[in-house]
There are 2 protein chains.
Amino acid sequence: MLALNLRKYRQAQGLSQEELADRADIDRTYISALERSVYAASIEVVDRLAQGLGVEAADLLRRPATSAKEPQL
Amino acid sequence: MLALNLRKYRQAQGLSQEELADRADIDRTYISALERSVYAASIEVVDRLAQGLGVEAADLLRRPATSAKEPQL
DNA sequence: GCCGATTGTTGAAAATACTCCGTGGTGAAA
DNA sequence: TTTCACCACGGAGTATTTTCAACAATCGGC
């Protein structure tokens, strides 16, 4: 689920992969790969991505179903 | 947060590390290491662990604060 | 004291995540 | 058409996770 959520939250904030890469201090091409679900990221990068996006790490792993208490997009 | 949550949920169900290892198809010694936060696990093993424990992957990453909607122990 | 069950720990190999550099492709704007 | 921002994708190399076999330590019960 990470891939879709990642892209969803990133685009919702109008961020490019590169901007997010800077914020999270993660390689740009790796973020691209994560959004295409090429790898199973470690929880450490999930944390950094979540911080860069201003959401909880748990939010990035949640499955699509939009539960009432997801952070506002 | 994974380490503490993992141990918490596992013990709450009266499971041994080995039983959980079987359920999640993960090495026992690795689970031991994860509960001592030796490594930053991949979200794939977090998923398998969550399944073995019958909780959401997101629950294992949540920070201690017991939000009203955590699964019952 | 001895047993069985559970967990900590280690060392080495195998697998996979992650970085870095470069190339090409698309679409929008000048 | 050219330029620019953005993204997909490749390969090579490094770092880290994950597995496996084996042994030590603890605890409770017998």
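Residue numbers begin at 1 in each chain, while the letters A, B, ... track the order of the sequences.
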Give me, pair by pair, the N or O atoms of the protein and of nucleotides 2-9 of chain D that are less than 3.5 Å apart, along with how far apart they are.
unit_1: dC7(D); atom_1: OP1; unit_2: R10(A); atom_2: NH1; d: 2.9
unit_1: dC7(D); atom_1: OP1; unit_2: R10(A); atom_2: NH2; d: 3.4
unit_1: dC7(D); atom_1: OP2; unit_2: Q17(A); atom_2: N; d: 2.7
unit_1: dA8(D); atom_1: OP1; unit_2: R7(A); atom_2: NH1; d: 3.4
unit_1: dA8(D); atom_1: OP1; unit_2: R7(A); atom_2: NH2; d: 2.7
unit_1: dA8(D); atom_1: OP2; unit_2: Q17(A); atom_2: NE2; d: 2.8
unit_1: dA8(D); atom_1: OP2; unit_2: S32(A); atom_2: OG; d: 3.0
unit_1: dA8(D); atom_1: N6; unit_2: R28(A); atom_2: NH2; d: 2.9
unit_1: dC9(D); atom_1: OP2; unit_2: R36(A); atom_2: NH1; d: 2.9

| request: Rounded to the nearest angstrom, tell me the gap between atom CG in D25(A) and atom P in dT19(C). | output: 8 Å
| said: Whole angstroms only, please: what is the OH-P distance between Y39(A) and dG11(D)? | reply: 11 Å
| request: Kindly indicate whether the side chain of I31(B), heavy atoms from C-beta on, has any atom under 4.5 Å from the side chain of R28(B). | output: no
| Could you walk me through whether L53(A) and L6(A) pass the side chain to side chain contact (heavy atoms under 4.5 Å, CB included) check? | CA-CA 9 Å; L53(A) 291 171; L6(A) 190 51; 3.9 Å; yes
| Whole-Å gap separating C1' (dA14(C)) and CG (D27(B)) | 13 Å
Show each protein N/O and nucleotides 28-30 of chain C N/O combination with a separation under 3.5 Å, one pair to a line.
none

| task | Check whether more than 12 heavy atoms from other residues, nucleotides or ligands sit under 6.0 Å from atom CD of Q11(A), and answer yes or no. | result | yes
| field | Side-chain donor-acceptor pair present, S32(B), R36(B), cut-off under 3.5 Å | value | yes
Strictly under 3.5 Å: I want the nitrogen or oxygen pairs between protein and nucleotides 28-30 of chain D, one per line.
none

| task | Figure out the CD1/C1' separation between I31(B) and dT17(D), and round it to whole Å. | result | 14 Å
| Range-with-range stems of DNA chain C (Watson-Crick or G-U pairs under 3.5 Å, three or more in a row) | C:1-30 with D:1-30
| request: Please tell me if the side chains of V46(B) and V46(A) come closer than 4.5 Å, counting only heavy atoms from C-beta onward. | output: no
| request: With sequence neighbours excluded, tell me which residues meet side chain to side chain donor-acceptor pair (under 3.5 Å) with E44(A). | output: R48(A)
Side-chain donor/acceptor pairs under 3.5 Å, residues 15-22 of chain A, sequence neighbours excluded:
unit_1: S16(A); atom_1: OG; unit_2: E18(A); atom_2: N; d: 3.4
unit_1: S16(A); atom_1: OG; unit_2: E19(A); atom_2: N; d: 3.0
unit_1: S16(A); atom_1: OG; unit_2: E19(A); atom_2: OE1; d: 3.4
unit_1: Q17(A); atom_1: NE2; unit_2: E35(A); atom_2: OE1; d: 3.1
unit_1: E19(A); atom_1: OE1; unit_2: S16(A); atom_2: N; d: 2.8

